[in-house]
Amino acid sequence: MARQPPPPWVHAAFLLCLLSLGGAIEIPMDPSIQNELTQPPTITKQSAKDHIVDPRDNILIECEAKGNPAPSFHWTRNSRFFNIAKDPRVSMRRRSGTLVIDFRSGGRPEEYEGEYQCFARNKFGTALS
């Protein structure tokens, strides 16, 4: 007796199952070897693309990354290097690339309009927000 081929929907369902398995799986590192494994930076948290700012609040632009060795963070504003150290209103959170722009001492949010991009770097590579 000849075997009947399965209906077309079976193939489609199988393909959808395979595609859903295509995402990355994060496996936690064993703490005993965590410091020995090297890892290029990967962005783990970033702000939404567009910000609407309340002029009474500080501006917070998130950028967090992991890597081994721990990444250093740098920013561009409108595709040019943004020197955080030259602006007393701007700071970066410790062990993070998150920018905080403080308006408690004056200033206007419009002065900080632009397109910001975060770079997380270590000796194994660079990740961009």
Side-chain angles (χ1 to χ4, degrees):
M1 180 192 270
R3 204 169 134 200
Q4 292 289 328
W9 63 267
V10 171
H11 293 289
F14 180 71
L15 183 59
L16 284 174
C17 287
L18 283 178
L19 289 174
S20 69
L21 295 174
I25 298 173
E26 182 154 343
I27 301 171
M29 285 196 260
D30 179 351
S32 65
I33 62 168
Q34 189 168 3
N35 293 332
E36 298 171 21
L37 294 177
T38 58
Q39 178 186 22
T42 40
I43 302 291
T44 58
K45 188 174 187 181
Q46 61 185 333
S47 290
K49 184 177 178 186
D50 295 320
H51 265 304
I52 297 174
V53 177
D54 183 336
R56 299 167 293 184
D57 294 334
N58 291 340
I59 298 173
L60 190 72
I61 307 173
E62 291 182 308
C63 180
E64 294 182 15
K66 66 180 181 178
N68 192 19
S72 61
F73 295 90
H74 309 279
W75 283 88
T76 60
R77 178 177 171 210
N78 299 324
S79 301
R80 299 183 73 184
F81 175 71
F82 184 52
N83 191 343
I84 296 160
K86 285 191 171 186
D87 192 330
R89 288 191 189 102
V90 181
S91 61
M92 196 165 22
R93 288 188 175 164
R94 288 184 58 157
R95 290 184 234 123
S96 168
T98 296
L99 287 183
V100 179
I101 303 172
D102 186 356
F103 294 108
R104 283 179 251 166
S105 59
R108 299 182 344 228
E110 337 31 279
E111 296 172 18
Y112 293 91
E113 286 181 1
E115 185 175 302
Y116 291 80
Q117 187 169 28
C118 174
F119 294 74
R121 290 188 179 120
N122 70 15
K123 65 182 180 179
F124 297 106
T126 302
L128 309 171
S129 66

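Since the model is a prediction, treat every value here as computed from it, not as a measurement. Every heavy atom of this structure was used, including side-chain atoms; hydrogens, water molecules and symmetry mates were not.
A distance below 6.0 Å separates the ring centres of Phe82 and Tyr116.
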- Would Asn83 and Trp75 count as a side chain to side chain contact (heavy atoms under 4.5 Å, CB included) if you check the C-alpha gap in whole Å, the side-chain angles of each, and the deciding distance to 0.1 Å? CA-CA 8 Å; Asn83 191 343; Trp75 283 88; over 6 Å; no
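Remark: the backbone N or O of Gln39 is paired with a side-chain donor or acceptor of Asn122 at under 3.5 angstrom. The backbone N or O of Arg89 lies less than 3.5 Å from no partner atom in the side chain of Asp102, so there is not a single donor-acceptor pair. Between the side chain of Asn68 and the backbone N or O of Leu37 there is at least one donor-acceptor pair closer than 3.5 Å.
Separating the NZ atom in Lys45 from the CD atom in Glu62 is a distance of 4.0 Å, to the nearest 0.5 Å. Atom SG of Cys63 is separated from atom CZ of Arg93 by 12.0 Å, given to the nearest 0.5 angstrom. The structure places CD of Gln117 at 14.5 Å from CZ of Arg77, a figure rounded to the nearest 0.5 Å. The distance from the SG atom of Cys118 to the CG atom of Leu99 is 7.5 Å, given to the nearest 0.5 Å. Interatomic distance, Lys66 NZ to Thr42 OG1, rounded to the nearest 0.5 Å: 5.0 Å. To the nearest 0.5 Å, atom NE2 of residue His74 and atom CG of residue Leu128 are 11.5 Å apart.
Under a hydrophobic-cluster definition in which Ile, Leu, Val, Met, Phe, Trp and Tyr are linked whenever side-chain heavy atoms come within less than 4.5 Å, directly or via other members, Phe73 and Ile43 are assigned to different clusters. Under the 4.5 Å side-chain contact rule for hydrophobic residues, Tyr112 and Val100 do not share a cluster.
Looking only at side-chain heavy atoms (C-beta outward), Thr98 and Met92 stay at 4.5 Å or farther from each other. The shortest distance between side-chain heavy atoms of Ser72 and Arg121 falls below 4.5 Å.
Taking every heavy atom of both residues into account, Ala120 and Ala65 meet most closely at CB-CB, 3.6 Å.
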